[in-house]
2 protein chains.
Amino acid sequence: MSGDCDHHCGGHHEGLPSCGAQKGTRGGVPEFAERLRKKSRRVTGARKSILDILSRQSHPITIRGIHDQLPKGDCDLATIYRSMHLLEGMGMVKRYEFGDGQARFELLREGDDGHHHHLVCTGCAVVVELHECGMGELEARMVLSHGFTRVTHKLEFFGLCPRCQGG
Amino acid sequence: MSGDCDHHCGGHHEGLPSCGAQKGTRGGVPEFAERLRKKSRRVTGARKSILDILSRQSHPITIRGIHDQLPKGDCDLATIYRSMHLLEGMGMVKRYEFGDGQARFELLREGDDGHHHHLVCTGCAVVVELHECGMGELEARMVLSHGFTRVTHKLEFFGLCPRCQGG
DNA sequence: CACAAGATGCAAATGATTTGCAATTAGCAT
DNA sequence: ATGCTAATTGCAAATCATTTGCATCTTGTG
């Protein structure tokens, strides 16, 4: 199928907005292609397109969001779902859930553990990326006090952004 | 030191286990009936049963979990879904999402803001309730630095409980 | 260039949650 | 008690996000 990547940020969708600001600078797609090959996974047109789209997002994007940005019927929804599982399993994307029933994904660069959180506006759904998190010690305390290991956490913030504070 | 988990539910249940341990002591149902009346909502048999079941849980429970605990076909699933929306809207229950696609609910006593989090075992799904959270200042900083108001957060921890650490 | 392991498209299947609608019921007035 | 009306419920059908079966097509390799 096609194989080219040439999508421009498509305007506004009602879901969570994701206008603008390229995030990853250099076209990281080849970097990911390499990672795929190393695990004997194929670098297909669909995956390239998906990675390409992911690489130009500044916020987590939904499966449907990805699909909508792909030229016409370039790639089936099922394929995107399958790809996201694969990429997630390979640690190339991270899954987020903002509580609206749809999973959202963000690309993870090599060596990036992607550990950060989001501040989501409950009014317009704008997303702000947060990079501080001081959860480390709390997590550690939990390990000790409850005997759990491999403790991770999911943390997201919700509130009203300046624009939605009407009045 | 200690590695005690207060739970010891076999693991037969598929979903998240909810070992007995009554939580709210006194039958709080009448308290809730009162709250319902105050908002001109009816105290129906279905609601009483649901509140009763919720009141005897020690961890968040799913809709299906509630349904399974109701005598035979005592109350329709749709009714439980509708009730949970109502109760959530009235601040009588709090919704949690542990990432497995099903919502879970916990009853909130009068004056209880229900602010706490959970430590969920990724192996057997045992749930430990956590009551510390030190997110307050982080939240406040967020308000200031991004101009958001009414900021809240969702925070859940995941890890392997002592029993599931075998191997 | 042939091949087998992988991938993909399409349609049908799941699973959780919602909704339309007619039948029932709780809470208040009579 | 009895009646009345709005709130509720059961049931079935509808949504929605996500999965999966399967036949067909591709990629990476020899």
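Computed from a prediction, not measured in an experiment: that's the story for all the values here.
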Checklist entry - Hey, mind stepping through B/K94 and B/E88 against salt bridge (Lys or Arg N to Asp or Glu O under 4.0 Å) and telling me if it holds? => result CA-CA 6 Å; B/K94 187 166 180 186; B/E88 184 183 14; over 6 Å; no
Next on the checklist: So that I know where these two stand, are A/H118 and B/H153 an aromatic pair - ring centroids less than 6.0 Å apart?
Outcome noted: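 A/H118 vs B/H153: aromatic centres not under 6.0 Å.
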Next on the checklist: Would you say the rings of B/H117 and B/F157 are close, in the sense that their centroids are separated by under 6.0 Å?
Outcome noted: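 Distance test on ring centres: not under 6.0 Å, no.
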In whole angstrom, give the distance that lies between atom [atom1] of [X] and atom [atom2] of [N].
{"X": "B/R104", "N": "C/dT17", "atom1": "CZ", "atom2": "P", "answer": "10 Å"}
{"X": "A/L86", "N": "C/dA5", "atom1": "CG", "atom2": "P", "answer": "18 Å"}
{"X": "A/L36", "N": "C/dT8", "atom1": "CG", "atom2": "P", "answer": "10 Å"}
{"X": "A/Q102", "N": "D/dT19", "atom1": "CD", "atom2": "P", "answer": "13 Å"}
{"X": "B/R64", "N": "C/dG15", "atom1": "CZ", "atom2": "P", "answer": "9 Å"}
{"X": "B/D74", "N": "D/dG10", "atom1": "CG", "atom2": "P", "answer": "8 Å"}
{"X": "A/E88", "N": "D/dT19", "atom1": "CD", "atom2": "P", "answer": "10 Å"}
{"X": "A/M84", "N": "D/dT19", "atom1": "CE", "atom2": "P", "answer": "11 Å"}

Would you say [N] has OP1 or OP2 under 4.0 Å from some side-chain N or O of [X]?
{"X": "A/R41", "N": "C/dA5", "answer": "no"}
{"X": "B/T44", "N": "D/dT9", "answer": "yes"}
{"X": "A/R47", "N": "C/dA7", "answer": "yes"}
{"X": "B/Y81", "N": "C/dT17", "answer": "yes"}
{"X": "A/H85", "N": "D/dT19", "answer": "yes"}

Next on the checklist: At 4.0 Å (heavy atoms only), tell me whether B/A78 reaches a base, stays on the sugar-phosphate, or touches nothing.
Outcome noted: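 If one applies the 4.0 Å heavy-atom cut-off, B/A78 turns out to touch a base.
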Next on the checklist: Classify A/H67 by what it touches in the nucleic acid, base, sugar-phosphate, or nothing, heavy-atom distance under 4.0 Å.
Outcome noted: nothing
Checklist entry - Looking at C/dG6, does its base get a donor-acceptor pair with the side chain of A/R82 below 3.5 Å? => result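 No, no donor-acceptor pair under 3.5 Å.
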Checklist entry - D/dA6 base to B/R42 side chain: any donor-acceptor pair below 3.5 Å? => result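 Between D/dA6 and B/R42, which were checked side chain against base, a qualifying N/O pair under 3.5 Å is present.
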Next on the checklist: So which atom in B/F98 and which in B/F158 form the shortest heavy-atom distance, rounded to 0.1 Å?
Outcome noted: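 Closest approach of B/F98 to B/F158: O-CE2, 3.5 Å.
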Checklist entry - Where do B/P60 and B/V127 come nearest, in terms of heavy atoms and distance? => result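 Nearest heavy atoms, B/P60 then B/V127: CD-CG1, 4.4 Å.
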Checklist entry - Looking at five pairs on each end of the helix from C/dC1-D/dG30 to C/dT30-D/dA1, what is the angle between the two axes, given to 10 degrees? => result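 The helix from C/dC1-D/dG30 to C/dT30-D/dA1 shows an end-to-end axis angle of 30°.
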Next on the checklist: How about CZ on B/R64, more than 12 heavy atoms from neighbouring residues, nucleotides or ligands closer than 6.0 Å, or not?
Outcome noted: no
Checklist outcome for this item: Whichever of A/S83 and B/A103 has the more 5' nearest nucleotide on DNA chain C, that residue is A/S83
Checklist entry - Taking for each residue the nucleotide of DNA chain C bearing the nearest heavy atom, is the 5' side occupied by B/I63 or by A/D76? => result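 The residue mapped nearer the 5' terminus is A/D76.
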Next on the checklist: Test of understanding: clusters of I, L, V, M, F, W, Y form through side-chain heavy atoms closer than 4.5 Å, transitively. Do B/I63 and B/M92 belong to the same one?
Outcome noted: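 Yes, because B/I63 and B/M92 connect within a single hydrophobic cluster, where side-chain heavy atoms sit under 4.5 Å apart.
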Next on the checklist: When you compare the side chains of B/H59 and B/E106, does any donor N or O come within less than 3.5 Å of an acceptor on the partner?
Outcome noted: no
Checklist entry - Which of the following nucleotides, C/dA7, D/dA17, C/dT8, is nearest to the side chain of A/T79? => result C/dT8
